[in-house]
Amino acid sequence: MTAFANFNQELKRLREFYLATIYAYNQTDYFLTLKRKHSEDLLNLDIKIEQQPNFYRKKKSNSTSANEKNLSEIVFIRVISALEVYMKDSILEIFRKNKLPFKNLKKDLKFDYNELLSFKSTADIINKLIKTELKEVKNGGISELVRYYNNTFDININITSPEFKKLLKYHDQRHILVHRLGKTDDIYRKKHESNILTLSIGEDYLMNCINDFNAFGNQIEELLDIKFKDEYYKIQQSKKPEKQIRFSVEILKGKPEIFNFNYEFWIDDQPVMFGNILRDREDIDTKKFIISVAGKNREIENYIKIVDNFASKNKIKVEYLIKKKKQLPPLSKETLFKIKEQLPPIPWEIDIIDKISNELGLSKRDVVRGLIYFNKHEFEDMQKKKLN
């Protein structure tokens with residue numbers, strides 16, 4: 001899912017940011033040492049040397065500086081946040097793709113009369129529903145998120161395993177760092193059977209944390225993949241709308257309300273919101289744009305009559321566009337599973353396309369489509385390696 005790809009990318013960026021910053025810090029320290037010992041030689045090389053800031057602390061041999069400790073703590077806090085964001089974004093992504101798990105929830109949602117009439121489209125109601133769901137897990141941390149996943153999606157994340165208890169410890173440490181600047185309290189020391197008064201996040205500990213969260217994210221994604229695998233393929237092969245039309249518009253007079261998201265027209269005694277049939281809008285300039293609408297035959301036909309009526313009054317100029325070339329059919333469920341079984345650990349080697357193509361007897365084009373389907377970010381990184 002997109003949320004998982006973003007999560008992996010965030011962990012990768014945080015790891016690279018930390019290592020790059022430490023590298024720059026060590027190089028600066030080394031350069032300043034050279035400056036003290038060989039200042040004249042550096043001047044002869046025409047190297048501009050800025051004044052060393054007062055707050056810069058020279059590293060002591062075989063020790064970790066205060067700056068390095070601060071860097072580790074900042075990245076550590078961000079890593080824990082990345083997991084929470086991933087799990088919340090996954091709830092939203094599943095909600096958009098598959099409403100079934102949420103239909104089984106025995107919950108009541110109340111609307112007052114004014115709020116209900118203020119909704120501009122069904123999208124506003126759905127937005128209200130998902131905001132209510134996310135509100136339940138907003139401040140609960142990892143424990144509450146996992147409990148929600150187990151109950152709502154009927155998956156089994158083991159909350160008693162040593163691995164999960166380690167994640168909870170990371171989460172508690174994030175809380176101590178954020179709210180107590182690393183000073184532990186009696187609750188923390190008793191819960192984790194620790195005598196440590198001040199937390200310290202070293203490089204090894206930070207890297208282990210990133211690896212643990214990466215593994216946990218993979219576990220969740222695999223469980224969701226098993227649970228909702230059929231739904232993922234339905235997204236690719238989703239039922240087409242009865243009618244779809246694409247057209248360009250040039251505004252000649254005024255500001256036609258028919259292109260407003262909340263514009264309402266009627267079919268018999270049923271209201272239809274323009275926002276519910278709008279699929280895409282591409283603005284060319286302030287007066288010109290391209291629109292794509294899709295939905296039931298009667299919805300689209302009635303809306304197009306309204307558009308043509310505005311055009312007949314010289315308020316707008318309309319040109320109906322020829323459909324784009326038909327896209328390739330989606331890969332079959334079986335083909336995607338075969339490709340997934342061949343995927344090696346990340347990062348992928350640059351010859352992965354040839355290997356999978358030869359192993360499965362698939363075209364390279366289909367292998368590329370499969371790789372992009374499972375992890376677009378990693379595929380793009382692999383392509384960059386080829387160019388270097």
I'd like to know whether CD1 of I196 has more than 12 heavy-atom contacts from other residues, nucleotides or ligands below 6.0 angstrom. no
Shortest non-hydrogen contact from C209 to V79? SG-CG1, 4.0 Å
Determine, for D186 against R189, whether the closest basic-nitrogen to carboxylate-oxygen distance falls under 4.0 angstrom. yes
side-chain hydrogen bond (donor to acceptor under 3.5 Å, both in side chains) with N211: which residues, sequence neighbours excluded? R15
Not counting sequence neighbours, list each pair that qualifies as a salt bridge (charged side-chain N to carboxylate O under 4.0 Å, His left out) and has a residue in residues 151-166. D154-K227, K166-D212
Heavy-atom count check: over 12 atoms from other residues, nucleotides or ligands less than 6.0 Å from E349 CD? no
Hey, would you say the F274 and Y263 ring centroids sit under 6.0 Å apart? no
Examine distances only and state if a side-chain atom of R279 and a backbone atom of N276 form a donor-acceptor pair shorter than 3.5 Å. yes
Is there side-chain contact between L278 and F259, with heavy atoms separated by less than 4.5 Å? no
Any side-chain heavy atom of N6 sitting closer than 4.5 Å to one from D89? no
Residues two or more places apart in sequence or in another chain: which of them pass ring pair (Phe, Tyr, Trp, His ring centres under 6.0 Å) with F247? Y320
Results of salt bridge (charged side-chain N to carboxylate O under 4.0 Å, His left out) for K340 - residues two or more places apart only: D225
Checking side-chain contact (heavy atoms from CB on, under 4.5 Å) for the pair E68/I22: CA distance, chi angles, key distance, verdict? CA-CA 7 Å; E68 288 175 301; I22 289 297; 3.7 Å; yes
With salt bridge (charged side-chain N to carboxylate O under 4.0 Å, His left out) as the rule and sequence neighbours excluded, what pairs involving residues 168-184 come up? E84-R174, D172-K191
Please list all pairs meeting ring pair (Phe, Tyr, Trp, His ring centres under 6.0 Å) that have one or both residues in residues 340-361, counting only residues at least two apart or in different chains. none
Tell me every residue that passes side-chain contact (heavy atoms from CB on, under 4.5 Å) with E264, counting only those two or more places apart in sequence or in another chain. W266, P271, M273
Quick check, are the ring centers of Y170 and F213 under 6.0 angstrom apart? yes
Full working for salt bridge (charged side-chain N to carboxylate O under 4.0 Å, His left out) between R369 and D366: CA-CA 5 Å; R369 292 168 65 198; D366 283 347; 3.1 Å; yes
Taking only residues at least two apart or on different chains, which pairs with a member in residues 283-297 satisfy salt bridge (charged side-chain N to carboxylate O under 4.0 Å, His left out)? R281-D283
Going by the salt bridge (charged side-chain N to carboxylate O under 4.0 Å, His left out) test, which pairs reach into residues 309-319, not counting sequence neighbours? none
Salt-bridge present (R298, E301; N to O < 4.0 Å): no
Could you work out, with side-chain hydrogen bond (donor to acceptor under 3.5 Å, both in side chains) as the rule, every residue matching Y303, not counting sequence neighbours? none
Taking side-chain contact (heavy atoms from CB on, under 4.5 Å) as the definition, give me every residue that meets it alongside E10, ordered by chain and number, with sequence neighbours left out. R13, L14, R78, A82
Any residue meeting side-chain contact (heavy atoms from CB on, under 4.5 Å) with D204, in chain and number order, not counting sequence neighbours: none
Heavy-atom distance under 4.5 Å between the side chains of M87 and V146, does that happen here? yes
Note, S248 side chain near V318 side chain (heavy atom, < 4.5 Å): no
In terms of relative ring orientation, are H175 and H179 parallel, tilted or perpendicular, with 30° and 60° separating the classes? tilted
